[in-house]
*Asks:* 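What follows is a single structure, and I will ask about it in a moment.
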Number of protein chains: 2
Amino acid sequence: MHLRQVRSFVVVARFSSFTRAADLLNLTQPALTVQIRQLEQSLGVKLFDRNTRAVELTRIGREMLPVLERLLGEFDAVVANAREMANLRYGTVRIAALPSVAATVLPPLIARFKERHPQIRVVLRDSVGERINAAVRDEAVDFGIGSDIEPDAELETVPLFEDVMRAVVPAAHPLADAVEIRLDRLIEEPLILMDKGSSVRSLIDRAFADGGHLVVPAYEVTYMSTAVGLVRAGLGIAILPSTAIELRMEAELPSLAIGNPVLRRPITLVLKAGRSLPPAAEALRDMLTSWEA
Amino acid sequence: MHLRQVRSFVVVARFSSFTRAADLLNLTQPALTVQIRQLEQSLGVKLFDRNTRAVELTRIGREMLPVLERLLGEFDAVVANAREMANLRYGTVRIAALPSVAATVLPPLIARFKERHPQIRVVLRDSVGERINAAVRDEAVDFGIGSDIEPDAELETVPLFEDVMRAVVPAAHPLADAVEIRLDRLIEEPLILMDKGSSVRSLIDRAFADGGHLVVPAYEVTYMSTAVGLVRAGLGIAILPSTAIELRMEAELPSLAIGNPVLRRPITLVLKAGRSLPPAAEALRDMLTSWEA
DNA sequence: CATATTCATAAAGGAATTTTATTACTGAAA
DNA sequence: TTTCAGTAATAAAATTCCTTTATGAATATG
């Protein structure tokens, strides 16, 4: 049985006429006659009683019509649904991102995306690096945004931008007017750092270790806003990603570039290798990769 | 979208392999590749991520698989259902018949039919002549069995057999040993006749009228069994169709042929003109027309 | 590094479907 | 009753579509 035949059956039944049905279907009448005959043969039952003057459903045809019509409608709905996904008029994008990115870079991007594609749902999950990779691996998310991804055959990474660390100092601090500070100079100050396990912290620990230092932070916090609060209270200097600083504090607190070495954190897109994305996710990814910060 | 493509989709998904799926579908692998590509194009979305080493559903493919599988199953169920009807393994036959026929000739016939086709349901409705025709006309029944059908463009009739009227007399009646009786001789007896409106009664009234007589029955009954009861009580002579007498009373009561004129009632099959019958109804009709009483 | 396996592609062949042209039938009108 | 108009069925030709054959490209395995 072919769907085309079923479609023809429904139209012939509706019009009680092969000629008019053929018109609507953009077919010639003999083609339609053949289609109905084939459908009847594949079902083994007559669907229409027809002569040159009238076409009428048989009892069995009458019984089958609503059933087949419903099934046809469901098929069409599936197709329509798929096409809406293809046209970005329906769908969901699932992302896992580092909290710093999820809180700063992504919101305006997602806002622009929603503006363009209001019917697409975006699910954003903030997680630490390792969980991002895991989520991408089991396809719990369409893609992830992380940092410092170790090479993994299952994962494919695309560099997005580099996040440079800056030192955030209290307004009253003697360094407040400086432009840049060397990393080893910071060791003398009470430091406010992110928890161990965060990608920002690993980067800082590694940099200090490379310089022969061991950091003992004055405060360890989970959220960047806490770090900012501690700085504002004059309790120490925080080392935070520049994206977060630019977006969240504006001119409120002074921040200094860190030199020698510059602390860079590459922010990368994480994709499951060899897997295509749903159209909506692809569109968002494209906006992300072509994005000028 | 074609059902064939959907079928292929399901099989490829099940096997995660074009080659093995093609095997199962009795196709070559390139043909299958083309089918899946076409399906993807008609839907506008990728269903599989594939390389030469692995075939895996995309997220959208994974979402669509159960839906399409269900729809495919429903289609197959419709086809299977139709084929079972064609093979007389499922279906219903609806008949409207005169009460005398419904009570006597049909039961053994239906019994034989059910023996041969146990899964077919037979719905038998007993009605008077006019209602039989109406039921056939609006296709409330597949066919009818009546008598004395006036020509009607919408109806087609097939003679089945002739029902001959006989006089049923009480065992103690002086005529009990006779073989035949003339119709005009019956007028002298107390007669037990069916209600006006029944086809048996019309036949009798007409016959008497032709002979210049007006019948005034001693009893008018609705059911033949009532008539038989009255005869058994010695209250009169009943004029009943021979089929009914043979089948229901056996040797219990004597009955006489009626001569000059013989009262015949043609029993005919009534069909809606130009309409085909469902397979089950056709089978029962065939048994009926080829039946030796 | 070679090999075997697997999916993709292109061209040729074959199958199925559609169109064109015609016939046969039916109901309505002359 | 006959004719006419309209309709579905049929047959053959043309076309479209699909499948196969042959081959290529990619990748994991030994």
Side-chain angles (χ1 to χ4, degrees), chain A residues 1-43 45-58 61 151-156 272-276, chain B residues 1-43 45-58 61 137 151-156 271-276:
Chain A
M1 187 173 63
H2 298 260
L3 280 182
R4 177 113 47 85
Q5 297 166 350
V6 177
R7 251 177 246 289
S8 298
F9 165 61
V10 170
V11 177
V12 171
R14 176 127 307 149
F15 284 152
S16 290
S17 158
F18 280 70
T19 307
R20 269 179 295 160
D23 247 26
L24 188 89
L25 292 164
N26 291 317
L27 276 176
T28 57
Q29 167 263 316
L32 196 50
T33 295
V34 171
Q35 279 192 15
I36 298 295
R37 183 172 45 219
Q38 285 174 342
L39 181 60
E40 287 178 327
Q41 275 169 1
S42 78
L43 293 173
V45 295
K46 260 188 104 178
L47 296 171
F48 294 106
D49 279 316
R50 44 198 185 274
N51 53 37
T52 65
R53 214 61 206 166
V55 175
E56 206 157 344
L57 285 166
T58 60
D152 182 328
E154 272 192 87
L155 300 180
E156 179 192 332
K272 179 132 179 165
R275 293 295 152 76
S276 63
Chain B
M1 187 172 62
H2 298 260
L3 280 182
R4 177 113 47 85
Q5 297 166 349
V6 178
R7 252 177 246 286
S8 299
F9 165 62
V10 170
V11 177
V12 172
R14 178 128 305 151
F15 284 152
S16 291
S17 160
F18 281 69
T19 308
R20 270 179 294 160
D23 248 25
L24 188 89
L25 292 165
N26 291 319
L27 275 176
T28 57
Q29 167 263 316
L32 196 49
T33 294
V34 170
Q35 280 192 15
I36 297 296
R37 183 172 46 220
Q38 286 174 341
L39 180 60
E40 287 177 328
Q41 276 169 1
S42 78
L43 292 173
V45 296
K46 259 189 103 178
L47 295 171
F48 295 105
D49 279 317
R50 44 199 186 274
N51 52 39
T52 65
R53 218 58 209 167
V55 175
E56 206 157 345
L57 285 166
T58 60
R137 246 191 298 267
D152 182 327
E154 272 192 88
L155 300 180
E156 179 192 332
L271 296 152
K272 180 131 179 163
R275 293 295 153 77
S276 62

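Below, read A as the first sequence line, B as the second, and so on, with proteins coming before strands; counting in each chain starts at 1.
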*Asks:* Looking at every strand, decide which applies to B:Arg20 at a 4.0 Å heavy-atom threshold: base, sugar-phosphate, or nothing.
*Replies:* nothing
*Asks:* For B:Val34 and B:Asn51, find the nucleotide of DNA chain D closest to each by heavy atoms; which residue's nucleotide sits nearer the 5' end?
*Replies:* B:Val34
*Asks:* Ignoring backbone atoms, establish whether A:Arg4 has a side-chain N or O less than 4.0 Å from OP1 or OP2 of C:dT18.
*Replies:* yes
*Asks:* Where the side chain of B:Gln29 is defined as all heavy atoms beyond and including C-beta, which of C:dA8, C:dT26, D:dA9 is the nearest nucleotide?
*Replies:* C:dA8
*Asks:* Within the structure shown, what part of the strands sits under 4.0 Å from A:Thr19 by heavy-atom distance: base, sugar-phosphate, or nothing?
*Replies:* sugar-phosphate
*Asks:* Please state whether the base of D:dA26 and the side chain of B:Thr52 form at least one donor-acceptor pair under 3.5 Å?
*Replies:* yes
*Asks:* Of the nucleotides D:dA8, C:dT18, D:dT20, which one has an atom closest to the side chain of A:Ser17?
*Replies:* D:dA8
*Asks:* Is B:Asp49 salt-bridged to A:Lys272, cutoff N-O under 4.0 Å?
*Replies:* no
*Asks:* If the cut-off is 4.0 Å, is A:Arg53 near the phosphate of D:dG6, judged by side-chain N/O to OP1 or OP2?
*Replies:* no
*Asks:* Contact class for A:Leu27 (heavy atom, under 4.0 Å): base, sugar-phosphate, or nothing?
*Replies:* sugar-phosphate
*Asks:* Can you name the nearest heavy-atom pair linking B:Phe18 to B:Ile36, along with the distance?
*Replies:* CE2-CG1, 3.8 Å
*Asks:* What pair of heavy atoms forms the shortest contact from B:Ser276 to A:Lys46, and how long is it?
*Replies:* OG-CD, 3.8 Å
*Asks:* Quick check on D:dT19: is either OP1 or OP2 less than 4.0 Å from any side-chain nitrogen or oxygen of B:Gln35?
*Replies:* yes
*Asks:* Looking only at heavy atoms, what is the nearest atom pair of A:Ala21 and A:Leu32, with distance?
*Replies:* CB-CD2, 3.6 Å
*Asks:* So, does B:Arg37 get its side chain near the phosphate of C:dC7, meaning an N or O under 4.0 Å from OP1 or OP2?
*Replies:* no
*Asks:* Need one value for A:Gln38: base, sugar-phosphate or nothing, where a base atom within 4.0 Å counts as base even if backbone is also close, heavy atoms only.
*Replies:* sugar-phosphate
